[in-house]
Trainee: 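Below are the structure tokens for one structure; questions will follow.
Quantities reported herein were computed from a predicted structural model and do not represent experimental measurements. In what follows, chains are A, B, ... by sequence order, proteins preceding strands, each numbered from 1.
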Amino acid sequence: MGLQGMKIKKDFFRSNTLLVAKNLLGKYLCRRLPNGEIIRERITETEAYKGFDDKASHASRGRTKRTEVMFAPAGTIYVYLIYGMHHCLNIVTEKKDYPAAVLIRGVEGANGPGRVCKYFNINRDLNGKQLGKELWIENPRIRMVGKIQASRRIGVDYAGESKDKLWRFIMIK
DNA sequence: ACAAAGATCCGT
DNA sequence: CGGATCTTTGTA
């Protein structure tokens, strides 16, 4: 019995956000579309948003109606609308009441967080739900041995001393 | 109540 | 490089 089809469990997301962001690379983002069809693509790019002091994180100014979901238990889905047009998909990490999440910035065939959500038909209806039936992560059948490149996060130049953290991870083939 | 800015993308 | 487009947040 191979690993394909094995959904990743919540424990995977409960650990350190940087580890989760790196370890998500090469795994499959899986979606059951409204018409029942299932689509899968390998995750190629992620970003970590972690802690109370991360000025780039939406949660850096505490709990609000919008950021409350970042304080939820690991494995919760955080989707928000950006620039009035594009959706961004995050998976909440670490323990409850600690604000952290991983932004899915790219999969094979869709580069950029907005394009990922468009490709997977993801919108705010999934916000606050758990990974499971509609959206989940699977292990790849064959383990990837690619390299991981760390770099600065995109679009967070406003974030003071947090802007230069190397919390963006890209899988190099 | 209002204004400003945003974890982006597309076309020029 | 600017425009689209609307929600969230801070400020009054």
Side-chain angles (χ1 to χ4, degrees), chain A residues 12-27 29 31 33 39 41-131 134-137 148-172:
Chain A
F12 173 83
F13 300 96
R14 203 167 290 139
S15 63
N16 182 286
T17 308
L18 304 184
L19 279 179
V20 175
K22 286 182 249 189
N23 288 335
L24 274 174
L25 297 174
K27 291 187 168 35
L29 179 63
R31 169 82 165 129
L33 297 171
I39 55 177
E41 294 292 344
R42 281 181 196 274
I43 296 170
T44 56
E45 181 180 346
T46 60
E47 273 180 3
Y49 290 85
K50 172 179 162 63
F52 301 89
D53 300 324
D54 179 5
K55 298 292 191 297
S57 169
H58 293 157
S60 64
R61 272 168 258 176
R63 291 182 185 247
T64 65
K65 184 165 187 186
R66 176 215 211 179
T67 65
E68 183 65 27
V69 65
M70 288 192 74
F71 295 79
T76 303
I77 298 165
Y78 171 33
V79 179
Y80 64 90
L81 183 68
I82 186 66
Y83 297 110
M85 262 173 283
H86 309 291
H87 294 276
C88 291
L89 168 67
N90 301 253
I91 312 297
V92 175
T93 54
E94 311 218 18
K95 53 191 174 184
K96 186 179 180 306
D97 297 322
Y98 181 86
V102 173
L103 170 67
I104 309 298
R105 286 195 59 88
V107 299
E108 285 184 352
N111 231 342
R115 297 191 191 110
V116 169
C117 286
K118 187 179 178 192
Y119 183 86
F120 280 89
N121 195 22
I122 290 167
N123 60 39
R124 283 174 296 175
D125 292 347
L126 286 174
N127 187 47
K129 295 186 176 176
Q130 301 300 305
L131 288 176
E134 299 156 284
L135 188 73
W136 66 94
I137 311 287
I148 294 175
Q149 179 182 77
S151 57
R152 299 213 293 259
R153 293 174 294 181
I154 300 297
V156 296
D157 285 348
Y158 59 85
E161 74 274 11
S162 297
K163 76 180 171 67
D164 293 323
K165 291 189 178 301
L166 303 179
W167 286 1
R168 176 190 181 209
F169 304 101
I170 303 174
M171 184 178 66
I172 308 294

Trainee: Please list, in numerical order, the residues of residues 42-65 of chain A that have a heavy atom closer than 4.0 Å to any atom of DNA chain B.
Mentor: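 Here the set is Tyr49(A), Ala56(A), His58(A).
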
Trainee: In dot-bracket notation, what is the pairing pattern of DNA chain B, taking Watson-Crick (N1-N3 plus N6-O4 or O6-N4) and G-U wobble (N1-O2 and O6-N3) contacts under 3.5 Å, with [ ] crossing and | for other strands?
Mentor: ||||||.||||.

Trainee: Work out how far the P atom of dT5(C) is from that of dC2(B), and round it to whole angstrom.
Mentor: 23 Å

Trainee: Give the C-alpha distance, both sets of side-chain angles, the deciding distance and a yes or no for side chain to side chain donor-acceptor pair (under 3.5 Å) between Ser60(A) and Ser57(A).
Mentor: CA-CA 5 Å; Ser60(A) 64; Ser57(A) 169; 5.7 Å; no

Trainee: Check whether any side-chain heavy atom of Leu24(A) lies under 4.5 Å from a side-chain heavy atom of Phe13(A), and answer yes or no.
Mentor: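 Result yes, sub-4.5 Å side-chain heavy-atom pair found.
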
Trainee: How many angstroms lie between CD in Glu41(A) and OH in Tyr119(A), if you round to the nearest 0.5 Å?
Mentor: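 The CD atom of Glu41(A) sits 3.5 Å away from the OH atom of Tyr119(A).
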
Trainee: Under 3.5 Å, is there a donor on one side chain and an acceptor on the other for Thr76(A) and Gln130(A)?
Mentor: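 Short answer, yes.
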
Trainee: Remember a base hit wins even if backbone is also touched, and classify Arg168(A) as base, sugar-phosphate or nothing at under 4.0 Å, heavy atoms.
Mentor: nothing

Trainee: Enumerate the residues from residues 79-114 of chain A whose closest heavy atom to DNA chain C is under 4.0 Å, giving them by residue number; use none for an empty result.
Mentor: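 Of all residues in residues 79-114 of chain A, the ones placing a heavy atom under 4.0 Å from DNA chain C are Leu81(A), Tyr83(A), Gly84(A), Met85(A).
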
Trainee: For Met70(A) and dA7(B), what is the distance between atoms CE and P respectively, to the nearest whole Å?
Mentor: 11 Å

Trainee: Could you say whether Gly155(A) or Lys118(A) is positioned toward the 5' end of DNA chain B, judged by the nucleotide with the nearest heavy atom to each?
Mentor: Gly155(A)

Trainee: Is Arg153(A) paired with Glu47(A) through a side-chain N to carboxylate O contact shorter than 4.0 Å?
Mentor: no

Trainee: Give the rounded distance in Å between these two atoms: CD1 of Ile154(A) and C1' of dG6(B).
Mentor: 15 Å

Trainee: List the atom of Ala21(A), the atom of Ala48(A), and the distance in Å for their closest heavy-atom pair.
Mentor: CB-CB, 4.2 Å

Trainee: Nearest whole Å is fine: how far is dA7(B) P from Asn127(A) CG?
Mentor: 15 Å

Trainee: State whether the number of non-hydrogen atoms from other residues, nucleotides or ligands found under 6.0 Å of Arg152(A) atom CZ is greater than 12.
Mentor: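 No, because the 6.0 Å sphere around CZ of Arg152(A) holds 12 heavy atoms or fewer from other groups.
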
Trainee: Ser162(A) versus Asp53(A): any side-chain heavy-atom pair under 4.5 Å?
Mentor: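 Contact flag for Ser162(A)/Asp53(A) side chains = no.
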
Trainee: Looking at Thr67(A) and Gly62(A), would you say the former's side chain and the latter's main chain have a donor-acceptor pair under 3.5 Å?
Mentor: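 It does hold such a pair.
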
Trainee: Using a cut-off of 4.0 Å on non-hydrogen atoms, how would the nucleic acid contact of Arg153(A) be classed: base, sugar-phosphate, or nothing?
Mentor: nothing

Trainee: Under 3.5 Å, side chain of Asn121(A) to main-chain N/O of Leu33(A), donor-acceptor pair present?
Mentor: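 Checked: no pair found.
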
Trainee: Does the side chain of Thr44(A) pick up a donor-acceptor pair with the side chain of Glu108(A) at under 3.5 Å?
Mentor: no

